[in-house]
Undergrad: 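Once you've had a glance at the structure underneath, I'll fire off some questions.
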Amino acid sequence: MTYIQGDPSLYDINWSTDKIQAFRQTLLAWYDETKRDLPWRNTNDPYKIWVSEIMLQQTQVATVIPYYERFIETLPTIQALANAEEETLLNLWQGLGYYSRVRNMQIAAQQIVADYAGAMPQTMKGLLSLKGIGPYTAAAIGSIAFGLVEPAIDGNLMRVTARLFELDADISQPKSRKLFAAILYQLIDAERPGDFNQALMDMGPTIMTPANLNPEASPIKEFDRSYQNGTAHLYPVKKKKVKATEHQLIAYVVQNLQGEWLIRKHDEQELLTGLWHFPLLEQSVVMEAVSEEELIEPFSDWWAEQNSLLNDYAFETEPSITINQQLMPFGDLSTLTLLPKVKHVFSHRVWHVQLVPLMMKIDQAGLQENENMRWQSPKQIRDLPVSTLQQKLLKALESYL
C-alpha cells in the first residue's frame, strides 16, 4: 500500500464490505476454535483484565499466569490495590521487572477510588486519564470489558496488519500508529471488538510470528498480501534498536560479626527503585590483577559517604575490613576470579556485576537502623522485595555459603 505521510484519512484498505465481513468471520472462527484458556479470558471484570494487560507488557504469557493468580488472590479489587502497602505490591511483582508499572497501577487505583467511586471508567477518555494506561491498554480494557470498538494496537497487531497490506511504515515511529489505527478501525468487528483484538493478539505470536515460521497454517492467508507475494519476511519495517550500553559493577557482599549482610533499598533516582540489593557500585576492575586495597577502596569510599547513617562510629580502613574468609573458602584473593559475574539486561543497558565478599568487623550497633539501609540475615533478605538481579546474585553465592 502506498500512502501519504501525515494524512491518515487517506489510508483506505480498498476492501469491499463483503471482504471485510469475510475477514472478520474467518479470524473470529479461528479464534473461537483455538483460543488459549487463560484466567483473564474467563472474566469481563475490567480490573482483572487491566492487571493482566499490565503484567503482559514485555512478559510472556506462561510467566504471567502464576503472578496474575497470586496478585488477584491477594488484591482482588481496585480498592484493595489502592490501599496495599508498597512492600506487598513489590513482593507480588517481584520477578516481573519494570516496577514502575505496579506503582502506576496503585496510583491509578487510587484515582479510580477518588474520581470514579471505585469503578473502572467505561470510556476511552476516562481510561486514558489513569496513571500508566496508554492507548493500547485503554483499548484492550475498553474493547474486552465494555465492548468499545477500539483496536488495541500492540506489536502483534502491527505485525499482522503490516503483512496483510505490505505496509512499509516504520513501526518504531509513533506517527505510524495513526496509519495502523486507520486500517484497523475499518477491520474491527463492532459486535465482538474484544475478541477481534484478542484474535489478532493470538495470531501474532502463534501464526504470524516475527520469523513467520508457518505461514501455510494461517487462517487468513487468503487476505494476506505478503503471503501471496512471498514478502512476509520484509514486514513489519522497524529501524534497528539503539545498542545497549555496557556497565561494569561490583556487588559488595558485606558481612558483620553477627553474620548479617548489609543491604540497601534503591531510591527514586536509581534503577530498580524501592527494591533491596547488596551495595552496587559502578567500577571496572580486572579481577586477575586487582590488589586487595584496590578492591576494597570503592566500598570504603562509599561507606564513608554514608556517615549520616552511622551512630558516631569512626570508620577505619584497616583492619576494619578484611576479605571475608567465610565467603571465600579458598582463602586467597586470587580466587575471587572464581566468584561468578552476573549479567543483567535492561532495555538500553547491560550490567555485568562482579560479586566481592568483605567482612566488616563491627557489630550491628555500629550502624543506626535506617529505612533504606539494614543489616539482615540471608533468610531475611529473601523475605524482602528484591529484584531479579538480586535473586541472581543470591543464587550465584549459594555455592560459597
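One-based numbering along the sequence shown.
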Undergrad: Would you say CD of E191 has more than 12 non-hydrogen atoms from neighbouring residues, nucleotides or ligands within 6.0 angstrom?
TA: no
Undergrad: Could you measure the distance from the CG atom of D195 to the CG atom of L200? Nearest 0.5 Å is fine.
TA: 11.0 Å
Undergrad: Search all heavy atoms of W30 against all heavy atoms of A199 and return the closest pair with its distance.
TA: CZ3-O, 3.4 Å
Undergrad: State, yes or no, whether a side-chain contact exists between F278 and Q390 at a heavy-atom distance under 4.5 Å.
TA: yes
Undergrad: For the OH atom of Y235 and the CG atom of L164, what is their distance to the nearest 0.5 Å?
TA: 12.0 Å
Undergrad: Is the number of heavy atoms from other residues, nucleotides or ligands under 6.0 Å of K19 NZ greater than 12?
TA: yes
Undergrad: Provide the closest heavy-atom pair for V386 versus Q391 in the form atom of the first, atom of the second, distance.
TA: CG2-CG, 3.9 Å
Undergrad: Apply side chain to side chain donor-acceptor pair (under 3.5 Å) to residues D224 and S226 and explain how you reach the verdict.
TA: CA-CA 6 Å; D224 182 357; S226 73; 2.8 Å; yes
Undergrad: For T137 and Q57, test the side chains for any donor-to-acceptor distance below 3.5 angstrom and give the result as yes or no.
TA: yes
Undergrad: Take E246 and R349 through the salt bridge (Lys or Arg N to Asp or Glu O under 4.0 Å) test and state the conclusion after the steps.
TA: CA-CA 6 Å; E246 306 276 338; R349 67 183 67 195; over 6 Å; no
Undergrad: Drop me the distance from R163's CZ to T231's OG1, to the nearest 0.5 angstrom.
TA: 9.5 Å
Undergrad: Under 4.0 Å between a side-chain nitrogen and a carboxylate oxygen: does that hold for D154 and R159?
TA: no
Undergrad: Assess whether side chain to side chain contact (heavy atoms under 4.5 Å, CB included) is satisfied between L27 and M203, documenting all intermediate values.
TA: CA-CA 9 Å; L27 178 67; M203 181 69 64; 3.7 Å; yes
Undergrad: Going by heavy atoms in the side chains, are L157 and Y136 under 4.5 Å from each other?
TA: no
Undergrad: Side-chain contact test, heavy atoms from C-beta onward, threshold under 4.5 Å: evaluate it for R177 versus P135 and give yes or no.
TA: yes
Undergrad: Step by step, work out the side chain to side chain contact (heavy atoms under 4.5 Å, CB included) result for T245 and V350.
TA: CA-CA 6 Å; T245 58; V350 179; over 6 Å; no
Undergrad: Can you name the nearest heavy-atom pair linking L272 to S387, along with the distance?
TA: CD1-OG, 3.8 Å
Undergrad: Rounded to the nearest 0.5 Å, what separation is found between the OG1 atom of T59 and the OH atom of Y98?
TA: 8.0 Å
Undergrad: Can you name the closest pair of heavy atoms from K48 and Y68 and give their distance?
TA: CB-OH, 3.2 Å
Undergrad: Check whether any side-chain heavy atom of L281 sits under 4.5 Å from a side-chain heavy atom of Y252, and report yes or no.
TA: yes
Undergrad: Do R374 and E260 meet the salt-bridge criterion of a basic N to acidic O distance under 4.0 Å?
TA: no
Undergrad: Check for a donor-acceptor pair, side chain of Q354 on one end and backbone N or O of K341 on the other, with a separation under 3.5 Å.
TA: no
Undergrad: If we ignore hydrogens and angles and just use 3.5 Å, is the side chain of Q186 paired with the main-chain N or O of I20 as donor and acceptor?
TA: no
Undergrad: Kindly compute the distance separating CG (N14) from CZ (F165), expressed to the nearest 0.5 Å.
TA: 9.0 Å
Undergrad: Give a yes or no on whether K392 atom NZ has more than 12 heavy-atom contacts from other residues, nucleotides or ligands under 6.0 Å away.
TA: yes
Undergrad: Is there a donor-acceptor pair under 3.5 Å between the side chain of T273 and the backbone N or O of E270?
TA: yes
Undergrad: One pair to check against side chain to side chain donor-acceptor pair (under 3.5 Å): Q248 and H352. What are the steps and the verdict?
TA: CA-CA 5 Å; Q248 306 294 326; H352 301 278; 4.5 Å; no
Undergrad: Take H266 and H277, measure what ring pair (Phe, Tyr, Trp, His ring centres under 6.0 Å) needs, and give me the verdict at the end.
TA: CA-CA 8 Å; H266 283 199; H277 300 83; 4.1 Å; yes
Undergrad: Check the angle between the aromatic planes of F223 and W15 and answer parallel, tilted or perpendicular using the 30° and 60° thresholds.
TA: tilted
Undergrad: Any salt bridge between R41 and D37, counting N to O under 4.0 Å?
TA: no
Undergrad: Is the shortest side-chain heavy-atom distance between L81 and Y47 below 4.5 Å?
TA: yes
Undergrad: Salt bridge or not for R36 and D202, using N-O below 4.0 Å?
TA: yes
Undergrad: Okay, side chain of N256, backbone of G259: is any donor-acceptor separation there less than 3.5 Å?
TA: yes
Undergrad: Hey, are the side chains of P279 and L262 touching, using non-hydrogen atoms and a 4.5 Å cut-off?
TA: yes
Undergrad: May I ask you to decide if M158's main-chain N or O and T161's side chain share a donor-acceptor pair within less than 3.5 Å?
TA: no
Undergrad: Examine the side chains of S172 and D170 and answer whether a donor and an acceptor come within less than 3.5 Å of each other.
TA: yes
Undergrad: Tell me, with the steps shown, if L275 and Y99 meet side chain to side chain contact (heavy atoms under 4.5 Å, CB included).
TA: CA-CA 9 Å; L275 300 173; Y99 291 88; 2.9 Å; yes
Undergrad: Quick check: does any side chain N or O of S143 sit under 3.5 Å from a backbone N or O of A140, one acting as donor and the other as acceptor?
TA: yes
Undergrad: Quick check: do L280 and I250 have side-chain heavy atoms less than 4.5 Å from each other?
TA: no
Undergrad: Does a side-chain heavy-atom distance below 4.5 Å link I171 with S176?
TA: no
Undergrad: List the steps, then state whether side chain to side chain contact (heavy atoms under 4.5 Å, CB included) holds for V160 with N156.
TA: CA-CA 6 Å; V160 172; N156 288 311; 5.5 Å; no
Undergrad: I need the minimum non-hydrogen distance between P385 and E87, along with the two atoms involved.
TA: CD-CG, 3.7 Å
Undergrad: Can you give me the closest heavy-atom contact between M373 and R264, atom names plus distance?
TA: SD-CB, 3.8 Å
Undergrad: Using ring centroids (six-membered ring only for Trp), state whether F346 and H348 fall under 6.0 Å.
TA: no
Undergrad: Within this structure, what is the CD1-CD distance for the pair I188 and E150, rounded to the nearest 0.5 Å?
TA: 7.5 Å
Undergrad: Donor-acceptor pair, T209 side chain versus P205 backbone, under 3.5 Å?
TA: no
Undergrad: Between Y227 and E216, is the side chain to side chain donor-acceptor pair (under 3.5 Å) condition met? List the steps.
TA: CA-CA 9 Å; Y227 170 79; E216 289 293 338; 2.8 Å; yes
